[in-house]
Amino acid sequence: MGRPLDAQHVFGDFDGRRPALLAVHHAVDDGTAYRAELSARVDQPVLSDDPVLQCDLELPDSWWEDLAGTLAKVAAVDTDRVAVRQQYMDRVIPEFVGIPAPAVTCWTAAHADLHWANVTAPLRILDGEGWGRAPEGYDAAMVYAYSLLPEDVAARIRDAFPVLGRPASPPKRPCAPSCSRP
């Protein structure tokens, strides 16, 4: 089963927050396999043509509540599918941030490609074929990283996602029910 088909099976359309997968077609021609996927049309434009948000967005509180609620539902899904590995973090965090990567203590399901070119208002979350297990708060951290230029949006993200304020040290609480240990 392909990732979009898996996502449709596991997530459905999240009460209209992600476009439904309508059809999948497989074909083989001269030893080459082809796959076509058709999703429901999304009439709203994405919030940015670029993943990095360049200007302030004035989104209503309800949009932020919808985003936080939808990502909480994604995180609650139990899966063996992997989106981000500790080895990846061990390589890229020192390369781009200049500090050692923290050891991940809690893994949850994530969209894993959340940025401003993948969301609309009203909220629709697009391009979810890369979903799988990632560090807890990964989606919030990614959308935050893509939002550092407009300070008001970055601050709003930190307000909407308290997980971003947690220290990097292992949690003193047990892993949440939606979390799993590596």
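In this text the structure is predicted, and so the values were computed from the model without any measurement.
Of the inter-residue distances, the one linking His115 atom NE2 with Leu53 atom CG reads 12.0 Å to the nearest 0.5 angstrom. Distance check: Asp113 CG to Ile125 CD1 gives 11.5 Å after rounding to the nearest 0.5 Å. Note that the CZ atom of Arg91 and the CD atom of Gln86 stand 13.0 Å from one another [nearest 0.5 Å]. In this structure, NE2 on His111 lies 7.5 Å from CD on Glu129, to the nearest 0.5 angstrom. Taking CG of Leu164 as the start and CD1 of Ile157 as the end, the distance is 8.0 Å to the nearest 0.5 Å.
Hydrophobic cluster membership is shared by Leu149 and Leu114, with clusters built from Ile, Leu, Val, Met, Phe, Trp and Tyr side chains linked at under 4.5 angstrom. Met142 and Val46 are not part of a single hydrophobic cluster, where members link through side-chain heavy atoms under 4.5 Å apart. Val92 and Tyr146 fall within the same hydrophobic cluster, defined by Ile, Leu, Val, Met, Phe, Trp and Tyr side-chain heavy atoms under 4.5 Å apart, directly or through other members. In terms of hydrophobic clustering, with Ile, Leu, Val, Met, Phe, Trp and Tyr side chains grouped at heavy-atom distances under 4.5 Å, Leu47 and Leu148 are assigned to a common cluster. Under the 4.5 Å side-chain contact rule for hydrophobic residues, Leu126 and Val24 do not share a cluster.
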Step by step, work out the side-chain contact (heavy atoms from CB on, under 4.5 Å) result for Val74 and Thr108. CA-CA 8 Å; Val74 170; Thr108 63; over 6 Å; no
Evaluate His25 against Arg35 for side-chain contact (heavy atoms from CB on, under 4.5 Å), listing each step before the verdict. CA-CA 6 Å; His25 179 74; Arg35 177 185 179 102; over 6 Å; no
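Counting heavy atoms from C-beta outward, Gln44 and Pro122 have side chains that approach closer than 4.5 Å. Contact check for Leu57 versus Pro150: no side-chain heavy atoms found under the 4.5 Å cut-off. By the 4.5 Å heavy-atom criterion applied to side chains, Arg156 and Asp61 are counted as neighbours. Contact of the Trp116 side chain with the Val52 side chain is not registered, since no non-hydrogen atoms from C-beta on lie closer than 4.5 Å.
Looking at residues two or more places apart in sequence or on another chain, you find no side-chain contact (heavy atoms from CB on, under 4.5 Å) involving Pro100. In terms of the side-chain contact (heavy atoms from CB on, under 4.5 Å) criterion, residue partners of Ala68 (sequence neighbours excluded) are, by chain and number, Phe161.
Here the rule is salt bridge (charged side-chain N to carboxylate O under 4.0 Å, His left out) with Asp66, and of Arg18, Arg17, Lys73 only Arg17 fits it.
Remark: Glu151 CD is loosely packed, at most 12 non-hydrogen atoms of other residues, nucleotides or ligands lying under 6.0 Å away. Counting heavy atoms of neighbouring residues, nucleotides and ligands inside a 6.0 Å radius, atom CG of Asp43 exceeds 12 of them.
The backbone N or O of Asn118 lies less than 3.5 Å from no partner atom in the side chain of Asp127, so there is not a single donor-acceptor pair. Judged by distance alone, the side chain of Trp63 and the main-chain N or O of Thr120 form a donor-acceptor pair under 3.5 Å.
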